[in-house]
> 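Before I ask anything, let me first share the structure, which is written out below as structure tokens.
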Amino acid sequence: LGATHVMVVFGGKVGYAGDDLSKLLWMLRVAAATFDGTRPVAGWAGPPPNVSAGEYVVEGDLRVDRAAPAALAESLLYRLSYLRFGS
């Protein structure tokens, strides 16, 4: 996919509700429809990716606290959002 830079909008300290984490469920829906494990992706090494929104939510809710699912806590968006958040 070739990205060299990533910009993340995070509203944690100021309470901005329109940040990227609040849009994550839409990103997951698009990714699940695009990367369903059946179509190869140009430039992708390995088997076709399979994205499931269920791996990122708990009982239908997006949890970004200590109860966040492992798939979410290990995602680049989550990790960049909370990078040096407490310092």
> How far does CG of Leu28 sit from OG of Ser52, to the nearest 0.5 angstrom?
9.0 Å
> How close do Ser81 and Val8 get, counting heavy atoms only, and between which atoms?
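Taking every non-hydrogen atom into account, OG-CG1, 3.6 Å.
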> With no hydrogens and no angle check, is any side-chain donor or acceptor of Ser87 less than 3.5 Å from a backbone partner on Arg84?
yes
> Indicate if Trp26 and Leu77 have the same hydrophobic cluster label, given that clusters are the connected sets of ILVMFWY residues with side-chain heavy-atom separations under 4.5 angstrom.
no
> Specify the closest pair of heavy atoms between Ala17 and Ser22, including all atoms of both residues, with the distance to one decimal.
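It is O-OG, 2.9 Å.
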> Is there a side chain to side chain contact (heavy atoms under 4.5 Å, CB included) between Leu21 and Phe10? Walk through the geometry before answering.
CA-CA 7 Å; Leu21 281 175; Phe10 178 63; 3.9 Å; yes
> On the 0 to 90° scale, with breaks at 30° and 60°, tag the Phe85-Tyr82 ring pair as parallel, tilted or perpendicular.
perpendicular
> Could you check whether atom CZ of Arg79 has more than 12 heavy atoms from other residues, nucleotides or ligands sitting under 6.0 Å from it?
no
> Assigning hydrophobic clusters by single linkage (Ile, Leu, Val, Met, Phe, Trp, Tyr; side-chain heavy-atom cutoff under 4.5 Å), is Val30 placed with Tyr78?
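No, separate clusters.
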> Taking atom CD of Glu74 and atom CD of Glu55, what is their separation to the nearest 0.5 Å?
10.5 Å
> Apply side chain to side chain contact (heavy atoms under 4.5 Å, CB included) to residues Leu72 and Arg63 and explain how you reach the verdict.
CA-CA 9 Å; Leu72 176 61; Arg63 299 286 305 260; 5.8 Å; no
> Under 4.5 Å between side-chain heavy atoms, hopping through other hydrophobics if needed: is there a path connecting Leu25 to Val58?
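No, no single cluster joins them.
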